[in-house]
There are 2 protein chains.
Amino acid sequence: MVKPIAVRSLHNQVIQELGRLIVSGELEAGKGLPREELLAERMNVSRTALREAMKVLSAKGLIESRQKTGTRVREAIYWNQLDADVLAWRCASMPTESFVEKLVEMREIIEPAAAAAAARRRTPEQLAVIKAAYDAMDASETLDAWAEADLAFHESMLQATNNELMTSLFSVIETALGTYFVLSASNSANFKLALPQHLKVYEAIRRRQPEVARQAMVKMVDDSRNNIRRHQANNKQASNKASAS
Amino acid sequence: MVKPIAVRSLHNQVIQELGRLIVSGELEAGKGLPREELLAERMNVSRTALREAMKVLSAKGLIESRQKTGTRVREAIYWNQLDADVLAWRCASMPTESFVEKLVEMREIIEPAAAAAAARRRTPEQLAVIKAAYDAMDASETLDAWAEADLAFHESMLQATNNELMTSLFSVIETALGTYFVLSASNSANFKLALPQHLKVYEAIRRRQPEVARQAMVKMVDDSRNNIRRHQANNKQASNKASAS
DNA sequence: GCGATGAATTTGTAGTATAAATTACATCCA
DNA sequence: TGGATGTAATTTATACTACAAATTCATCGC
């Protein structure tokens, strides 16, 4: 799991608040923000804290500041879409079907390749970490426990590729799985359906069979995509009924 | 091309300087930095500017600050490896063979999938942008002109996938191509060898043939990888001769 | 009409003061 | 002696003020 590095500090709160506002679209692109003094006052923080937050948002590509002109929200094209915060903000505000589709597409591309690479290059220690995650999935008795172990499984697999660029894509996988868990929660009857798929991937990595690992992972993501479609259809049906009654 | 947003501001300079020091390993992980007051004095900036820079580095995962304990460099595992700055810093200091290999592996995974997606979903306008980039490559007469057009080609293809998560991976592609251009510069006789490969990819995208586009892109990246290996071998040989004489 | 010039506005940088957090030490009690 | 507990010291976090730099915009002069 990724560290939820406490959000208690003031400028972190400001980062979260402004970031969410921008990504959700409540602060339209191109439009300028109030000048620092006003904005700071309005948010009840000092200009110092506000500026530290703005620098971070600027580094994420969300805003741009120029003297005299002021600070304005940048077009979404310039956002660091792979940044963990940006992904989380998008998820918090618009888990639209199209966004979920994009996340799944990324999984389809990344994870089979990662599984193959892990099968080729994993060390015994890395294999043990994957195994531990699998065992935790097997032993899990709640959806939360499953979710945590599942994330650990996918993260440890990415780490076993021994390519840190690949590992950094975990933020995307994490977000994708996150939305999936949320959908699954609606009818969380048997959340351990995907266990055999994970075993196949693990076994292929253990036996150093890249192509077998790739194919097993393709199937896993495919199943996941189908499940998402079913869930979304169900939810839509349910909400239609609800609004009709 | 990505905007080189002027680096003139003071805190940007500090970000670049500290970022480079950390990523190059000159500031060892785990080791603590001098406390803010001292560090600011040593770098001839105010504590204000230094702190704004540190917040950004912290957002990139390079450092971590705690009261009383001070600020320390984090392990490389926690760095945002996909961040454009981090990639650039790595490249500036250690374009080692292993790093180049990792970049190439990322291209092998991302670009064929992106070519296929672009072939499926590109709009006529997006196709025109790709075509324009191809024409610029065709017309280029210097390595620099080629490099610029080549980057534009790959970026426009990523944009044509209409998946902004995919598009954001351009920072990786850009870095990979960048190191390739540097290597090519050593014997830049015929830098337009890859032109036919690009034509094939473009044509497949135009004709909406995902699998053809994927295969053409696989070949392109493959050729690129082989060229890199040849260049590196040549360079090594050359430097061996030089040190022997 | 047009160019130059200067005033106004907003971010950028500096410096100081104080709050909050956390470590490390010392002290006290059993 | 051992352990807990409180207190001091250190470092980052926040606030506030003042001024510098850049850039826009209007005004003035021709």
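A, B, ... follow the sequence lines: proteins, then strands. Residue 1 opens every chain.
Taking the six-membered ring for Trp and the full ring otherwise, B:F153 and B:H198 have centroids separated by under 6.0 Å.
Taking the 5' to 3' direction, DNA chain D first and last meets chain A under 4.0 angstrom from a heavy atom at D:dT14 to D:dT24. Nucleotides of DNA chain C that come within less than 4.0 Å of any heavy atom of chain B span, from the 5' end to the 3' end, C:dT13 to C:dT23.
Not a single side-chain hydrogen bond (donor to acceptor under 3.5 Å, both in side chains) links A:S140 to another residue, sequence neighbours left out. Remark: A:E164 engages B:R90, B:K102 in a salt bridge (charged side-chain N to carboxylate O under 4.0 Å, His left out) (not counting sequence neighbours). Applying the side-chain hydrogen bond (donor to acceptor under 3.5 Å, both in side chains) rule to A:T48 yields no partners; only residues at least two apart in sequence or on another chain are considered.
Aromatic ring pairs are classed by plane angle as parallel below 30°, tilted from 30° to 60° and perpendicular above 60°; the pair A:Y134 and A:Y202 is parallel.
In this structure a side-chain-to-backbone donor-acceptor pair under 3.5 Å is missing from A:T69 to A:S65. Between the B:R72 side chain and the B:A29 main chain, no donor and acceptor come within less than 3.5 Å of each other.
For the residue pair B:E141/B:W146, the side-chain donor-acceptor check at 3.5 Å is not satisfied. Side-chain polar atoms of B:Q126 and B:N162 form a donor-acceptor pair below 3.5 angstrom.
DNA chain D is contacted by both B:T69 and A:T69; B:T69 maps to the nucleotide lying nearer its 5′ end (nearest heavy atom per residue).
Of all heavy-atom pairs spanning A:L87 and A:L82, the tightest one is CD1-O, 3.9 Å.
At a non-hydrogen distance threshold of 4.0 Å, A:V45, A:S46, A:R47, A:T48, A:A49 from residues 32-53 of chain A come into contact with DNA chain D.
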